[in-house]
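Each remark here refers to the structure printed beneath this line.
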Number of protein chains: 2
Amino acid sequence: MAKSERQPTINDVARVAGVSKKTVSRVINRSPLLKADTREKVEAAIRELAYVPNPQARALALRRNFLIGLLHDNPNAQTVLNVQEGVLDAIRDTDFALVVRPVDRHSPRMLDDIRDFLEKQRLFGVLILPPVSENDALAALCRELGCGYVRMGSAQLDQGENLVMSNDRDAVGRAVDYLVEQGHQRIGLICGPDGFRSALERREGFKAAMKRHGLDVPAEMIAEGSYTFESGIAAAERLLAASPRPTAIFASNDEMAAGALHVARREGMAVPDDLSLVGFDDSPIAAHIWPPMTTVRWPIRAMAKAAAMKLIDPLEAGAQPSQFLSDLVERSSVARIEGA
Amino acid sequence: MAKSERQPTINDVARVAGVSKKTVSRVINRSPLLKADTREKVEAAIRELAYVPNPQARALALRRNFLIGLLHDNPNAQTVLNVQEGVLDAIRDTDFALVVRPVDRHSPRMLDDIRDFLEKQRLFGVLILPPVSENDALAALCRELGCGYVRMGSAQLDQGENLVMSNDRDAVGRAVDYLVEQGHQRIGLICGPDGFRSALERREGFKAAMKRHGLDVPAEMIAEGSYTFESGIAAAERLLAASPRPTAIFASNDEMAAGALHVARREGMAVPDDLSLVGFDDSPIAAHIWPPMTTVRWPIRAMAKAAAMKLIDPLEAGAQPSQFLSDLVERSSVARIEGA
DNA sequence: TTGTACGCGTTATCAC
DNA sequence: GTGATAACGCGTACAA
């Protein structure tokens with residue numbers, strides 16, 4: 001009776017089923033070498049007692065737990081949440097759980113903090129989001145601590161088993177192609193901050209595509225932001241102060257594109273008639289502002305799912321794609337213009 | 001030498017320090033009855049070996065782990081992320097970690113899924129966000145499983161130790177006061193979906209405030225949405241089809257307010273000159289659309305922090321406030337109008 | 001004030 | 001195929 005207070009253990013199951021606890025353990029872990037009727041007996045006992053294995057004890061015995069960590073420095077709320085959903089997609093119906101760990105990439109103690117965290121929690125593995133995923137010292141730390149890791153990024157940051165990447169360079173190229181098809185030639189770029197690999201990839205993708213079309217990218221047609229709405233405002237102000245003005249602006253993320261829209265409106269310019277705009281990310285804001293914004297959609301959730309599956313089952317890693325393609329979602333922030 | 005492969009254990013520390021492992025355990029757990037030099041000796045050994053206690057073993061011995069869970073079914077990414085930050089604020093420098101668990105409140109299996117999850121992970125406790133926090137059966141489940149819980153909500157859903165609440169009724173009342181001060185009398189309401197406690201609270205707060213001002217709320221001045229941008233569009237269309245039109249609309253969240261803005265623009269109405277708008281949540285979209293939107297700011301991060309602290313240290317719960325006040329953040333979506 | 005012996009619930013080893 | 005028995009690393013009676 002006293003037993004009814006606590007959760008049933010493997011011993012209780014063994015007793016009820018009339019077998020040893022090792023046999024119960026075998027049933028739980030799906031050992032193939034078991035007689036069918038033994039297995040059924042045990043499973044009946046498990047059901048009867050509503051037995052659930054204790055993950056702490058498992059973790060202790062196996063010397064690894066079933067927690068996968070998400071290391072991120074909030075690139076943007078929707079992205080982080082999409083990643084969480086993707087990871088959940090991967091670990092649904094497994095024993096894994098997701099633990100989140102925001103970090104501060106500007107803190108000098110970041111690596112030490114993460115070291116503490118990893119040593120303490122002894123995670124099964126971690127998923128690292130950009131921009132922290134671009135930190136090679138962090139990847140080295142994971143290796144040193146024997147903690148599995150997968151980095152998400154916009155370029156070839158690591159070897160395949162530790163990486164899931166998008167091809168931002170290519171995606172931006174296609175956005176530029178689209179703008180050019182619509183007749184734009186003087187196109188401004190609001191790029192992301194120096195030090196972000198994604199910013200670099202998107203900027204280079206932009207330049208390469210422009211060059212491919214034989215178009216010029218003078219210095220005053222590039223302004224740097226920091227991926228925030230406010231920085232998008234400042235960058236757009238610089239771009240729109242140029243003469244002649246750009247007829248279109250590509251912003252390296254939607255927040256900054258929204259900032260540019262803000263400025264255009266304030267300056268009395270109509271979007272898209274006086275100024276076309278393309279963003280990047282397809283975050284909710286892109287669809288919810290006016291006019292709805294054309295942007296590049298990044299398959300972040302699928303990427304996160306693939307990354308988590310690589311972590312959980314590295315042997316199947318080959319089956320998981322390492323590169324994901326983005327696509328352009330056309331809305332209403334781009335207008336066709338007649339050649340200058 | 002073989003030892004150098006594995007993490008040092010409490011036994012290693014004891015050996016190096018020349019004490020028993022119980023003494024080391026006492027040092028770790030800050031037992032007060034220890035001689036100072038013993039403590040120092042042990043601490044030196046800990047540093048020397050870079051010893052970190054194994055949380056799995058602790059969890060097993062203590063029969064509870066150091067994981068706190070976040071249960072949510074939230075359409076708003078920023079809210080969820082703010083909550084995560086708040087929880088992190090609370091558990092910083094503790095051994096706790098945060099595990100997230102999105103749920104689907106429309107799934108008939110939701111409770112079973114959560115039961116599996118809680119039985120499996122044996123969390124220290126869970127934090128439950130609205131709207132799932134309004135599910136009493138879920139709270140009962142937590143009690144049944146002996147899992148600590150704190151619900152976040154907009155009303156008195158539970159007893160103090162299991163609840164952190166905002167006062168939405170009051171907050172909406174103050175938003176209405178503000179609108180009335182600006183001369184508005186015909187004010188429309190876009191309320192949230194039936195079944196959400198927050199929707200109810202905000203709707204009742206609206207009605208009560210209007211009544212207090214002696215203002216009428218005819219049926220055509222209330223439209224229901226589902227907290228999404230698109231539903232805000234549909235609701236605003238209904239409101240704006242009435243005659244006379246409202247001069248102001250209060251929407252129960254920012255997404256729907258953004259939808260209303262969308263409709264106004266499409267109908268050729270200027271905001272705020274032809275139509276004033278007030279939202280709720282102060283999500284990023286409120287500040288990033290044009291015009292920047294006046295809205296009610298909900299101190300979600302502080303609430304989440306308080307909730308997590310209640311979970312971690314219920315004894316100190318009395319010190320943690322259970323009710324948080326929202327405030328109005330004035331931006332540019334409300335204009336003063338002359339009396340009709 | 002400190003140490004010994006054992007329990008926590010699981011998996012692994014190796015016999016049978 | 002199955003079962004004793006020993007890990008896994010830490011906390012706690014209870015003894016010293």
Side-chain angles (χ1 to χ4, degrees), chain A residues 2-3 5-43 45-46 49-67 95 119-124 146, chain B residues 2-3 5-43 45-46 49-67 95 119-124 146:
Chain A
K3 299 273 173 162
E5 285 304 321
R6 25 182 283 301
Q7 296 268 354
T9 76
I10 197 169
N11 291 306
D12 300 325
V13 176
R15 192 166 29 74
V16 170
V19 299
S20 78
K21 71 181 184 180
K22 178 59 196 170
T23 299
V24 179
S25 176
R26 288 198 178 92
V27 171
I28 294 169
N29 295 297
R30 307 172 194 293
S31 162
L33 22 77
L34 270 178
K35 278 208 315 222
D37 64 333
T38 314
R39 156 167 292 126
E40 278 159 23
K41 223 168 33 181
V42 172
E43 282 171 347
I46 288 179
L49 296 173
Y51 164 72
V52 181
N54 179 320
Q56 277 79 40
R58 267 162 79 93
L60 181 59
L62 289 170
R63 275 174 291 299
R64 67 172 184 178
N65 63 23
F66 293 90
L67 260 25
D95 290 334
E119 283 181 339
K120 218 173 250 162
Q121 300 299 334
R122 318 223 174 166
L123 301 178
F124 188 92
Chain B
K3 298 272 173 163
E5 285 303 322
R6 25 180 284 298
Q7 296 267 355
T9 75
I10 197 171
N11 292 307
D12 300 324
V13 176
R15 191 167 30 73
V16 169
V19 300
S20 80
K21 79 179 182 181
K22 176 57 196 171
T23 301
V24 178
S25 176
R26 287 202 178 89
V27 171
I28 293 169
N29 295 298
R30 307 172 194 293
S31 162
L33 21 78
L34 271 178
K35 278 210 314 226
D37 64 332
T38 314
R39 155 167 292 127
E40 277 159 25
K41 222 168 35 183
V42 172
E43 283 171 347
I46 289 178
L49 295 173
Y51 165 71
V52 180
N54 180 320
Q56 277 80 39
R58 272 164 73 95
L60 182 58
L62 290 171
R63 274 174 289 306
R64 67 172 184 171
N65 64 23
F66 294 90
L67 260 25
D95 290 335
E119 282 181 339
K120 221 172 249 161
Q121 300 299 335
R122 317 221 176 167
L123 301 178
F124 187 91

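All values derive from a computational prediction rather than experimental measurement. In the text below, chain A, chain B and the rest are named by the order of the sequence lines, each starting its count at 1. These values consider heavy atoms only, across backbone and side chains, with no hydrogens, waters or symmetry-generated copies.
- For A:Tyr51, taking side-chain heavy atoms from C-beta onward, the closest of the listed nucleotides C:dT2, C:dT11, C:dT10 is C:dT10.
- Residue B:Lys21 places a side-chain atom within donor-acceptor reach of the base of D:dG11, judged by atom type and a 3.5 Å distance cut-off alone.
- If you check every strand for non-hydrogen atoms under 4.0 Å, A:Pro55 touches nothing.
- Taking every side-chain heavy atom of B:Ser20 into account, C:dG3 is the closest of C:dT11, D:dT2, C:dG3.
- To the nearest 0.5 Å, atom CG of residue B:Leu34 and atom CZ of residue B:Arg39 are 5.0 Å apart.
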Taking only N/O atoms, report every protein-nucleotides 13-16 of chain D pair under 3.5 Å with atom names and distance.
none

- Query: Do A:Ser31 and A:Leu33 pass the side chain to side chain contact (heavy atoms under 4.5 Å, CB included) test, and can you show the C-alpha distance, the side-chain angles, and the key distance before you say yes or no?
  - Reply: CA-CA 6 Å; A:Ser31 162; A:Leu33 22 77; 3.0 Å; yes
inquiry  = Could you walk me through whether B:Asn54 and B:Gln7 satisfy the side chain to side chain contact (heavy atoms under 4.5 Å, CB included) test, starting with their C-alpha distance in whole Å, then the side-chain angles of each, then the deciding distance to 0.1 Å, before giving a yes or no?
reply    = CA-CA 9 Å; B:Asn54 180 320; B:Gln7 296 267 355; over 6 Å; no
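- The heavy-atom pair separating A:Phe124 from A:Asn65 by the smallest distance is N-OD1, 3.1 Å.
- If you measure from atom CG of B:Leu34 to atom C1' of D:dG11, you get 15 Å, rounded to the nearest angstrom.
- Straight-line distance from the CD atom of A:Glu40 to the C1' atom of D:dG1: 15 Å, rounded to whole Å.
- Rounded to whole Å, atom C1' of C:dG9 lies 15 Å from atom CG of A:Leu49.
- Rounding to the nearest 0.5 Å places CZ of A:Arg58 at 5.5 Å from CG of A:Asn29.
- Counting any heavy atom pair closer than 4.0 Å across all strands shown, A:Thr38 reaches sugar-phosphate atoms only and no base atom.
- Minimum atom distance to the side chain of B:Asn54 is reached by D:dG9, of the listed D:dG9, C:dT10, D:dG11.
- OP1 and OP2 of D:dC10 both lie 4.0 Å or more from every side-chain N or O belonging to B:Ser25.
- Across the protein-nucleic acid pair, A:Arg30 atom CZ and C:dT11 atom P stand 12 Å apart, rounded to whole Å.
- Judged by closest nucleotide on DNA chain C, B:Thr23 is the one of B:Leu60 and B:Thr23 placed further toward the 5' end.
- Protein atom CG of A:Leu62 is 12 Å distant from nucleotide atom P of C:dT10, rounded to whole Å.
- Rounding to whole angstrom units, CD of residue B:Gln56 and P of D:dC10 are separated by 10 Å.
- Of the candidates C:dT10, D:dG11, C:dT4, C:dT10 carries the atom nearest the A:Ile10 side chain, counting heavy atoms from C-beta on.
- In this structure, of D:dC8, D:dA4, D:dC10, it is D:dC8 that holds the atom nearest to the side chain of A:Arg63.
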Apply side chain to side chain contact (heavy atoms under 4.5 Å, CB included) to residues A:Arg26 and A:Val42 and explain how you reach the verdict.
CA-CA 10 Å; A:Arg26 288 198 178 92; A:Val42 172; over 6 Å; no
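- Atom pair B:Arg122:CZ and C:dC8:C1' shows a separation of 12 Å (rounding to whole Å applied).
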B:Ile28 vs B:Tyr51, side chain to side chain contact (heavy atoms under 4.5 Å, CB included): CA-CA, chis, key distance, verdict
CA-CA 11 Å; B:Ile28 293 169; B:Tyr51 165 71; 3.6 Å; yes
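- Atom CG of A:Asn65 and atom P of C:dT11 are 14 Å apart (whole Å).
- Residue A:Asp95 holds its CG atom at 7.5 Å from CD of B:Gln121, rounded to the nearest 0.5 Å.
- Residue order along DNA chain D, read from the 5' end via each residue's closest nucleotide, puts A:Val19 first among A:Ala57 and A:Val19.
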